[in-house]
Amino acid sequence: MNSTLNESSTNLEVQWLDAESPEDFIRHSSTFNSLMMKYRCVIRQIETKLEVLNDEFSVANKRNPISSIKSRVKSPSSIHEKLTRRGFPFTEQSIVTNLDDVAGVRVVCPFISDIYAIAELISSQDDITVLKIKDYIKNPKSNGYRSYHMIVEVPVYFSDGKVPMRAEIQIRTNGMDFWASVDHQLHYKKVMIPGKDVTSIEQALALCAETVNETDQRMEAIKDLIGEFVEPQQI
Ligand code: 0O2
């Protein structure tokens with residue numbers, strides 16, 4: 001039996017909109033908790049797929065193409081903020097329809113080529129549908145942000161049937177991850193402190209992103225010089 005998250009009740013939507021804050025809402029809502037549980041489940045499923053690929057590669061090539069995997073379900077405040085900023089209501093239907101990144105999985109790799117290898121292997125699994133790709137490595141953002149983003153849909157099996165769940169997978173190198181986490185921390189500080197020269201801070205950050213990228217390219221060249229480990233043929 002198949003069910004879909006797009007089936008929602010009108011009464012529920014009124015209840016959600018009446019809540020004083022996202023936190024107030026979730027305290028009272030088992031429906032919201034149940035939806036978040038479904039997002040946690042799709043994260044677990046994607047993490048397992050990635051761990052399997054990492055294990056298999058490490059046995060064959062004596063190194064790991066994945067340095068770390070970090071996952072999160074978007075917080076109620078973040079969900080509320082993103083929906084209202086885009087003019088959408090804060091309802092179950094709206095979350096499912098309008099947000100692609102409630103479930104987020106971040107994969108950090110040693111080399112740029114590992115990013116594309118992991119993306120390719122994930123895309124080729126027949127229970128995964130790739131809905132959207134944003135390649136901020138080939139097309140970096142003007143501030144210097146680099147990462148490979150995929151929006152995927154994966155079926156998750158619950159007691160009452162199969163539900164297609166969406167998640168965002170961000171794949172980046174250790175260097176890109178370092179830059180993005182510093183940028184994320186500074187973002188809030190630089191906009192909040194009056195009198196700061198925001199433009200020069202942004203230029204300095206963009207320069208750092210270029211340095212990180214040059215280092216990533218050099219590391220890739222070193223990896224190519226060494227080559228992948230190949231298991232000797234058994235006689
Ligand atoms: P958080 O807290 O990380 O979840 P879309 O709906 O896809 O058209 P969206 O959601 O802006 O638009 O997608 P995009 O551009 O692919 O960016 C989504 C996520 O990428 C962000 O999530 C960040 O995690 C990351 N990201 C994008 N641009 C930057 C950047 O300039 N700096 C940093 N540090 N991270 C970035 P959220 O929801 O903004 O935040």
Side-chain angles (χ1 to χ4, degrees), residues 5-6 22-23 26 32 35-36 38-40 42-43 46-47 50 67-91 93-109 112 115-116 118-119 122-123 128-154 164-192 196 198-213 215-216:
L5 283 171
N6 288 329
E23 277 68 21
I26 59 157
F32 185 89
L35 180 59
M36 293 304 113
K38 290 183 165 125
Y39 283 113
R40 283 198 300 278
V42 73
I43 283 175
I46 292 170
E47 281 179 345
L50 290 163
S67 308
S68 67
I69 303 171
K70 293 172 243 174
S71 305
R72 62 106 184 90
V73 172
K74 217 172 180 60
S75 70
S77 314
S78 256
I79 292 174
H80 186 261
E81 186 278 321
K82 197 161 187 173
L83 285 174
T84 28
R85 179 161 42 86
R86 295 181 174 190
F88 296 119
F90 182 52
T91 64
Q93 168 94 49
S94 177
I95 291 173
V96 172
T97 310
N98 300 313
L99 297 185
D100 290 334
D101 64 343
V102 177
V105 179
R106 187 169 289 155
V107 187
V108 180
C109 302
I112 294 173
I115 296 174
Y116 291 102
I118 294 292
I122 281 289
S123 307
I128 288 198
T129 308
V130 180
L131 300 176
K132 203 194 293 182
I133 288 175
K134 283 194 195 170
D135 189 343
Y136 291 122
I137 300 171
K138 292 205 169 89
N139 305 295
K141 287 178 69 171
S142 58
N143 62 354
Y145 177 77
R146 285 175 171 80
S147 192
Y148 189 89
H149 293 192
M150 301 168 81
I151 305 297
V152 298
E153 195 169 74
V154 189
M165 297 295 302
R166 256 180 288 155
E168 180 184 67
I169 308 178
Q170 297 182 350
I171 320 178
R172 47 172 79 150
T173 61
N174 286 287
M176 293 170 195
D177 191 51
F178 160 67
W179 184 93
S181 61
V182 173
D183 173 67
H184 191 261
Q185 283 176 35
L186 294 182
H187 179 72
Y188 298 100
K189 292 194 177 171
K190 74 177 187 244
V191 291
M192 277 166 64
K196 282 266 174 220
V198 173
T199 310
S200 69
I201 296 172
E202 282 171 353
Q203 283 170 351
L205 268 173
L207 206 59
C208 286
E210 290 317 307
T211 310
V212 167
N213 183 44
T215 307
D216 271 338

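Counting starts at 1 for both ligands and their atoms, in listed order. Heads up: numbering here begins at 1 and tracks the sequence. Quick caveat, the model's predicted, so the values are computed rather than measured.
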Please list, in number order, the atoms of ligand 1 under 4.0 Å from a heavy atom of [X].
| X | value |
| --- | --- |
| Lys74 | 4 (O), 38 (O) |
| Tyr136 | 14 (P), 15 (O), 16 (O) |
| Asn143 | 30 (C), 31 (O) |
| Ala180 | 34 (N) |
| Lys132 | 7 (O), 8 (O) |
| Asp101 | 38 (O) |
| Lys82 | 9 (P), 10 (O), 38 (O) |
| Arg72 | 4 (O) |

Query - Arg86 heavy atom under 4.0 Å from ligand 1 - result: yes
State whether the side chain of [X] and the backbone N or O of [Y] hold a donor-acceptor pair below 3.5 Å, judged by distance alone.
| X | Y | answer |
| --- | --- | --- |
| Ser94 | Pro89 | yes |
| Arg166 | Val96 | yes |
| Arg72 | Val102 | yes |

Requested in this report: Show your reasoning for whether side chain to side chain contact (heavy atoms under 4.5 Å, CB included) applies to Met36 and Ile79.
Outcome: CA-CA 11 Å; Met36 293 304 113; Ile79 292 174; 3.9 Å; yes
Query raised in the report: side-chain contact (heavy atoms from CB on, under 4.5 Å) with Asp216: which residues, sequence neighbours excluded?
Result: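 side-chain contact (heavy atoms from CB on, under 4.5 Å) check on Asp216 returns Ile112, Thr173, Met176, Val212.
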Requested in this report: Identify whether NZ of Lys or CZ of Arg in Lys138 sits under 6.0 Å from the centre of the six-membered ring of Tyr116 and within 45° of that ring's axis.
Outcome: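 The answer is yes, since Lys138 meets both limits relative to Tyr116.
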Query - Salt-bridge present (Lys132, Glu153; N to O < 4.0 Å) - result: no
Query raised in the report: For Lys141 and ligand 1, does the shortest N/O to N/O distance drop below 3.5 Å?
Result: yes
Report task. Any chance you could lay out the side chain to side chain contact (heavy atoms under 4.5 Å, CB included) test for Ile171 and Ile137, step after step, and finish with the verdict? Result -> CA-CA 10 Å; Ile171 320 178; Ile137 300 171; over 6 Å; no
Query raised in the report: Quick one: does ligand 1 sit under 4.0 Å from the side chain of Arg106, the backbone, both or neither, non-hydrogen atoms only?
Result: side chain
